[in-house]
Amino acid sequence: MGVRRWIESWPVYRQFSGDDPLGRGVAARSAGTERITPRVSTADRVVKSVCPYCAVGCGQDVYVKDGKVTQIEGDPDSPVSRGRLCPKGSASLQLTTGDAREQRVLYRRPHGTEWESLDLDTAMDMIADRVVEARRHGWQWEQDGVPVRRTLGFASLGGATLDNEENYLIKKLFTALGAVQIENQARV
Ligand code: SF4
């Protein structure tokens with residue numbers, strides 16, 4: 001590189017000789033910066049969503065490529081968060097792709113000390129049997145003369161990876177079944 005080109009490569013030279021006198025645009029960019037592309041530039045679509053982690057409900061842009069989530073960022077169009085996400089929301093890509101995400105049903109028997117893996121059909125049958133049993137033997141039509149029509153035999157505690165629509169359906173289902181204690185981690 002000649003001396004002239006070397007000097008021209010200085011940001012301060014480009015700032016005072018070019019069209020960027022404040023040095024906040026092209027003058028401040030290095031060759032390395034020019035080679036960088038946004039990590040969302042290869043996505044083939046963006047899906048609007050809501051961060052599931054807490055009750056603030058920040059808006060998210062979910063970037064998808066070939067049917068897989070590749071990045072999740074704050075949604076600038078959201079009136080709630082205006083493009084911002086806290087560290088939990090910023091890391092929510094790991095909910096879909098992280099190595100620590102559990103893909104199996106895990107069950108710990110009463111008084112058990114170890115988790116065991118169950119296939120989904122077995123787990124669903126166990127849950128259905130217990131719901132039927134709890135309603136059959138624990139149903140209350142009234143308490144102290146007041147109609148209650150409920151069972152205290154089961155409850156629901158949802159996790160933070162449930163989205164709004166799933167939580168809506170869970171609330172409807174458990175209320176219809178007679179449950180009273182229906183909560184989600186986002187409200188804890
Ligand atoms: S966890 Fe963070 S990003 Fe998600 S809704 Fe709550 S404040 Fe917003």
Side-chain angles (χ1 to χ4, degrees), residues 22 24-25 28-30 32-109 112-120 123-124 126-128 130-131 134 150-188:
L22 297 179
R24 296 190 299 194
R29 283 193 214 137
S30 67
T33 303
E34 296 291 352
R35 285 194 295 275
I36 295 172
T37 55
R39 58 188 161 189
V40 297
S41 61
T42 57
D44 47 41
R45 64 197 166 100
V46 184
V47 180
K48 297 288 184 188
S49 188
V50 177
C51 176
Y53 256 130
C54 87
V56 174
C58 298
Q60 291 184 320
D61 281 346
V62 180
Y63 292 85
V64 181
K65 180 174 174 51
D66 299 330
K68 293 209 166 99
V69 177
T70 55
Q71 179 63 13
I72 297 176
E73 302 202 339
D75 177 6
D77 297 333
S78 166
V80 174
S81 49
R82 292 182 292 175
R84 300 174 183 89
L85 294 174
C86 80
K88 286 199 303 180
S90 299
S92 52
L93 175 65
Q94 294 170 19
L95 298 177
T96 62
T97 60
D99 295 340
R101 176 170 179 147
E102 194 54 70
Q103 306 282 352
R104 304 161 300 162
V105 176
L106 290 179
Y107 175 62
R108 197 171 69 182
R109 293 181 184 279
T113 56
E114 302 291 335
W115 293 100
E116 59 186 274
S117 175
L118 296 180
D119 67 87
L120 185 57
M124 295 296 278
M126 288 168 66
I127 293 168
R130 290 172 192 198
V131 168
R150 69 184 185 191
T151 174
L152 301 180
F154 53 81
S156 171
L157 177 59
T161 53
L162 294 165
D163 60 30
N164 282 353
E165 292 75 15
E166 289 165 335
N167 280 314
Y168 174 84
L169 292 173
I170 287 170
K171 169 72 173 119
K172 289 285 179 193
L173 172 66
F174 275 85
T175 299
L177 289 170
V180 176
Q181 304 98 333
I182 305 167
E183 266 299 351
N184 185 279
Q185 177 268 341
R187 277 165 37 94
V188 174

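Atoms within a ligand are numbered from 1 in the order they appear, just like the ligands themselves.
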Show which side-chain atoms of residues 45-54 pair as donor or acceptor with protein atoms under 3.5 Å away, not counting sequence neighbours.
| unit_1 | atom_1 | unit_2 | atom_2 | d |
| --- | --- | --- | --- | --- |
| K48 | NZ | D61 | OD1 | 2.9 |
| K48 | NZ | D75 | OD1 | 2.9 |
| K48 | NZ | D75 | OD2 | 3.4 |
| K48 | NZ | D77 | OD2 | 3.3 |

- prompt: Which of these, S81, S90, S92, sits in a side-chain hydrogen bond (donor to acceptor under 3.5 Å, both in side chains) with Q60?
  reply: S92
field: Distance, nearest 0.5 Å, that separates CD1 of I182 from CG of N167
entry: 11.0 Å
task: Tell me the protein N, O or S atoms under 2.8 Å from atom 8 (Fe) of ligand 1, in chain and number order.
output: C58 SG
message: Does K172 have more than 12 heavy atoms from other residues, nucleotides or ligands lying within 6.0 Å of its NZ?
response: no
- line: side chain to side chain donor-acceptor pair (under 3.5 Å) filter on E34, not counting sequence neighbours, yields none
side-chain contact (heavy atoms from CB on, under 4.5 Å) involving Y107 - partner list, sequence neighbours excluded: R109, P110, E116, L118, M126, R130
